[in-house]
Peer 1: 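Input: one structure, supplied below.
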Protein chains: 2
Amino acid sequence: MIQSSESSESLTIADIARLAQVSVSTVSRILNGKPDVAEVTRQRVLKVIHDTGYSPDVSAQRLASGATVAKSRVITLLFPMDHAEFTQLELDFFIGAAASCSKHDTFFNLMTEPMDADHLLNLFRSGQTDGVILMQIRMDDWRPELLTRHDYPFVMIGRTSDNQHYRYIDLDFDAAVETAIGYLVEQGHRRIGFIARPASARAQQIGPSVRIMSGYQRALERYRLAPLYREVKLTVPDVYEATLELLDEAPELTAIFTVHGASSPGAIRALRDRDRLVPDDCSVVALATERIAQLVTPALTAINFPTDTMGYQAATMLINALQQPSAPVEQILLQPRLAVRESASTPVGAT
Amino acid sequence: MIQSSESSESLTIADIARLAQVSVSTVSRILNGKPDVAEVTRQRVLKVIHDTGYSPDVSAQRLASGATVAKSRVITLLFPMDHAEFTQLELDFFIGAAASCSKHDTFFNLMTEPMDADHLLNLFRSGQTDGVILMQIRMDDWRPELLTRHDYPFVMIGRTSDNQHYRYIDLDFDAAVETAIGYLVEQGHRRIGFIARPASARAQQIGPSVRIMSGYQRALERYRLAPLYREVKLTVPDVYEATLELLDEAPELTAIFTVHGASSPGAIRALRDRDRLVPDDCSVVALATERIAQLVTPALTAINFPTDTMGYQAATMLINALQQPSAPVEQILLQPRLAVRESASTPVGAT
DNA sequence: TTGTGTTCCGGTAGCGTTACCGGTAACGCT
DNA sequence: AGCGTTACCGGTAACGCTACCGGAACACAA
């Protein structure tokens with residue numbers, strides 16, 4: 001690129017046309033990869049474009065092309081940060097989604113403000129975004145229905161209770177809980193403490209919160225275990241307290257399953273303060289990203305929560321849907337996968 | 001808002017004008033908060049806007065208003081993810097920046113693809129962004145100069161070696177290292193292992209890598225310590241290895257300072273495998289975000305790396321700069337602050 | 001009366017692009 | 001020669017909005 005470093009003033013398609021001795025139409029055709037243009041002309045124009053460092057104005061493009069066929073797309077990830085205590089977990093979703101967008105030549109937008117229906121619709125109506133990724137999905141979430149009615153593209157990370165027609169990617173939380181507890185039972189544990197997400201979240205019908213508890217119910221029945229759990233805010237101090245409570249309620253417990261890796265140090269510290277070493281005197285299994293699982297000492301035996309992959313796939317699904325709106329609705333429900341690390345073992349005195 | 005739920009077809013300013021019995025100009029004036037419009041008219045039009053759920057097309061706005069005075073701004077955070085091993089650290093920058101944008105009614109964009117000069121300029125030329133936040137700044141970074149020459153607004157998280165005229169926010173890494181080592185010396189440690197960022201990063205003149213080593217040099221001189229360090233990739237296994245090497249080289253060491261909280265479990269595990277408990281037999285001090293410091297067991301005594309705040313402030317600086325381009329150039333160099341937690345103590349046998 | 005503001009509002013020319021229509025030249029075929 | 005057909009290209013009306021100009025209506029003073 002020849003730096004005509006003073007020419008900072010913005011070029012238009014007309015300038016290029018003039019310099020290349022062709023019409024604007026021709027330049028536009030070339031820009032959009034239309035046929036109907038001689039190879040020699042194309043080359044000449046492309047050279048001018050390259051030499052001048054011209055780059056078409058996206059606003060004008062979007063306006064002229066009816067904002068639907070635009071070349072450069074933008075998708076928005078909606079992550080309401082209202083209920084404060086969010087964690088690294090979410091962050092990895094962002095990274096994954098951003099990576100997919102970069103790869104697919106799409107702008108990636110992140111909005112953290114909670115949104116009402118008007119705001120959400122305005123996002124589309126004003127042409128600010130071509131599609132959204134919804135997070136924090138509730139069982140009875142109103143957003144998918146609204147967006148569908150207006151024919152605005154979206155995908156969910158999570159799913160509603162009735163999700164026949166929506167694109168989504170989600171982890172099978174019911175199964176995850178069953179798998180984790182099943183693993184502990186298999187190791188010989190019979191008295192297992194369970195630390196779940198706050199009851200308030202469940203009351204609000206947040207998908208994972210609801211499904212985690214239903215999975216727990218199923219696990220209890222299947223393995224004929226007595227319930228022993230706490231629903232708490234997933235912070236280190238809260239989990240610490242909850243663990244102490246569980247130990248008081250059932251001093252004989254030999255294992256703990258917590259649904260949140262990043263607050264599991266709370267459990268581990270509580271156990272340590274009660275003179276129980278992990279994993280020798282008490283096993284700990286979590287639901288956690290690999291990153292977090294590695295970070296905790298001892299490294300967590302955990303159901304893998306592949307957040308970055310999920311973010312990547314969600315964005316990819318959305319981008320595909322934008323390109324071929326008629327494409328079939330993809331739905332991905334990830335099955336849980338347990339990674340054995342250091343924090344769990346067979347209970348003392350087991351066969 | 002009255003849901004005329006079928007009217008999904010996009011409204012224009014002309015529709016509003018017609019419905020409100022005024023001219024397009026008047027609607028535009030109201031939309032942009034210009035004076036020169038009677039209160040009663042304003043109310044009437046606003047009611048129509050509200051009832052119909054109209055929302056102006058940003059593309060058209062940007063196009064018409066010369067893309068400079070646009071109402072809704074968009075800023076882009078450039079974080080090249082090329083050199084793979086990035087960590088939670090960066091993520092918190094994103095969150096902070098996104099939060100600031102949400103608060104300031106600005107679109108927050110995240111791009112993870114590395115960029116050459118052309119791409120960077122096109123971002124502005126095509127009207128896709130109004131300003132950028134640069135990360136991964138090198139001592140001799142070419143980007144600030146380029147953007148300045150073209151008069152495109154930006155701020156850096158980090159700083160170059162010569163940064164007189166650029167907006168930036170950065171942590172004083174030299175001072176951070178001196179502070180950490182000073183603290184350990186104060187506690188009575190004399191033989192201190194140091195784990196720094198990879199030599200390759202320093203060779204590439206990445207700011208923090210360079211400054212961290214210069215800070216280390218200064219600390220050695222000031223406290224008359226013998227050098228004892230490793231420059232390694234900041235992953236748990238690499239840090240583990242590095243720690244073992246340090247222990248081999250200087251079995252008498254009583255403390256380790258590592259510049260990266262998220263890989264510090266590597267050090268802690270290496271010490272444990274050599275039968276040294278933290279902090280009793282060996283102290284560990286790190287440079288880490290609060291979040292990470294809390295996550296590691298034992299909780300890390302660490303120089304605080306306030307990444308989310310830095311991201312927030314960077315975005316805020318940029319937004320301000322967009323609003324008042326003439327405003328003085330802000331430069332923020334954060335001084336290190338040590339937070340004492342559990343991972344460091346006085347060495348055995350100290351006075 | 002005329003002049004001088006003020007306050008409010010409408011008309012319209014762009015902004016940079018694309019979509020569409022139509023035109024010209026060259027070529028091939030009957 | 002005459003008539004399609006194809007390959008290429010130019011002209012221009014949108015797209016939805018803002019900026020600017022100018023005009024109507026009214027008030028008030030000289």
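Here the structure is a predicted model, which is why all the values come from computation and not from measurement. Chain naming here is simple, since letters A, B, ... match the order of the sequence lines and numbering starts at 1 in each.
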Peer 1: What's the closest nucleotide to the side chain of A:Ile13 if the choices are D:dT18, D:dC9, C:dT17?
Peer 2: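 Of the options given, the side chain of A:Ile13 lies nearest C:dT17.
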Peer 1: I need the CZ-P distance between A:Arg42 and D:dC9, as an integer number of Å.
Peer 2: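 Whole-Å distance recorded here is 10 Å.
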Peer 1: Checking A:Asp308 now: which residues fulfil side-chain hydrogen bond (donor to acceptor under 3.5 Å, both in side chains) with it, not counting sequence neighbours?
Peer 2: none
Peer 1: Whole Å only: how far is the CG atom of B:Leu31 from the P atom of D:dC17?
Peer 2: 8 Å
Peer 1: Is any side-chain N or O of B:Tyr54 closer than 4.0 Å to OP1 or OP2 of D:dG16?
Peer 2: no
Peer 1: Under the side-chain hydrogen bond (donor to acceptor under 3.5 Å, both in side chains) definition, can you give me all pairs with a residue in residues 36-46 of chain B, not counting sequence neighbours?
Peer 2: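 Passing the test, one end in residues 36-46 of chain B: B:Glu39-B:Gln43.
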Peer 1: Checking B:Ala97 now: which residues fulfil side chain to side chain contact (heavy atoms under 4.5 Å, CB included) with it, not counting sequence neighbours?
Peer 2: B:Phe108, B:Ile133, B:Ala315
Peer 1: Under the side chain to side chain contact (heavy atoms under 4.5 Å, CB included) test, which residues partner B:Ala321, sequence neighbours left out?
Peer 2: B:Arg167
Peer 1: Return the set of residues passing side chain to side chain contact (heavy atoms under 4.5 Å, CB included) with B:Pro306 (not counting sequence neighbours), or none when no residue passes.
Peer 2: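 B:Pro306 satisfies side chain to side chain contact (heavy atoms under 4.5 Å, CB included) with B:Asn304, B:Thr309, B:Met310, B:Leu334 only.
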Peer 1: Within this structure, what is the CG-to-P distance between A:Leu63 and C:dT17, rounded to whole angstrom?
Peer 2: 12 Å
Peer 1: Just to verify, what does B:Ala20 make a side chain to side chain contact (heavy atoms under 4.5 Å, CB included) with, not counting sequence neighbours?
Peer 2: B:Val22, B:Val45, B:Val48
Peer 1: Is there a donor-acceptor contact under 3.5 Å linking the side chains of B:Ser23 and B:Thr26?
Peer 2: yes
Peer 1: May I ask you to check whether over 12 heavy atoms, not counting those of B:Asp116, lie within 6.0 Å of atom CG?
Peer 2: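 It does: B:Asp116 CG has more than 12 such atoms within range.
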Peer 1: Taking only side-chain nitrogens and oxygens of A:Thr41, does any of them come within less than 4.0 Å of OP1 or OP2 of D:dC9?
Peer 2: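 Yes, because at least one side-chain N or O of A:Thr41 sits under 4.0 Å from OP1 or OP2 of D:dC9.
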Peer 1: Is A:Lys34 near enough to C:dA19 that one of its side-chain N or O atoms lies under 4.0 angstrom from OP1 or OP2?
Peer 2: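 For C:dA19, OP1 or OP2 has a side-chain N or O of A:Lys34 closer than 4.0 Å.
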Peer 1: Does the side chain of B:Gln61 get closer than 4.0 angstrom to OP1 or OP2 of D:dC17 through an N or O atom?
Peer 2: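 So the side chain of B:Gln61 is outside the cut-off, no N or O lying under 4.0 Å from OP1 or OP2 of D:dC17.
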Peer 1: Between B:Asp170 and B:Arg159, does any side-chain N to carboxylate O distance fall below 4.0 Å?
Peer 2: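 Between B:Arg159 and B:Asp170 there is a salt bridge, with a charged N closer than 4.0 Å to a carboxylate O.
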Peer 1: Output the rounded distance in Å from CZ (B:Arg44) to P (C:dC8).
Peer 2: 13 Å
Peer 1: What integer distance in Å separates B:Ile30:CD1 from C:dC9:P?
Peer 2: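 About 8 Å, once rounded to whole Å.
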Peer 1: Represent DNA chain C in dot-bracket notation, 5' to 3'. Only Watson-Crick or G-U wobble pairs with both distances under 3.5 Å count; pseudoknot-style crossings use [ ] and interstrand partners use |.
Peer 2: ||||||||||||||||||||||||||||||
Peer 1: Considering heavy-atom distances to DNA chain D, does A:Asp36 or A:Ala60 have its closest nucleotide positioned more toward the 5' end?
Peer 2: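 Taking each residue's closest nucleotide, the earlier one in sequence belongs to A:Asp36.
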Peer 1: Using whole Å, what does the distance between atom P of nucleotide D:dG16 and atom CG of A:Asp57 come to?
Peer 2: 16 Å
Peer 1: Please enumerate all protein N or O atoms sitting under 3.5 Å from an N or O of nucleotides 11-14 of chain C, with distances to 0.1 Å.
Peer 2:
unit_1 : atom_1 : unit_2  : atom_2 : d
C:dG11 : N7     : B:Ser25 : OG     : 2.9
C:dG11 : O6     : B:Ser25 : OG     : 2.7

Peer 1: Answer yes or no: does a side-chain N or O of B:Ser28 lie under 4.0 Å from OP1 or OP2 of D:dT18?
Peer 2: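 Looking at the OP1 and OP2 atoms of D:dT18, one of them is under 4.0 Å from a side-chain N or O of B:Ser28.
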Peer 1: Starting at atom CD1 of B:Ile16, determine the distance to atom C1' of D:dG16, rounded to an integer number of angstrom.
Peer 2: 12 Å
Peer 1: Suppose the criterion is salt bridge (charged side-chain N to carboxylate O under 4.0 Å, His left out): which pairs have a residue in residues 15-34 of chain B, not counting sequence neighbours?
Peer 2: B:Asp15-B:Arg18
Peer 1: Roughly how many Å is it from CZ in A:Arg125 to P in D:dG16, rounded to a whole number?
Peer 2: 15 Å
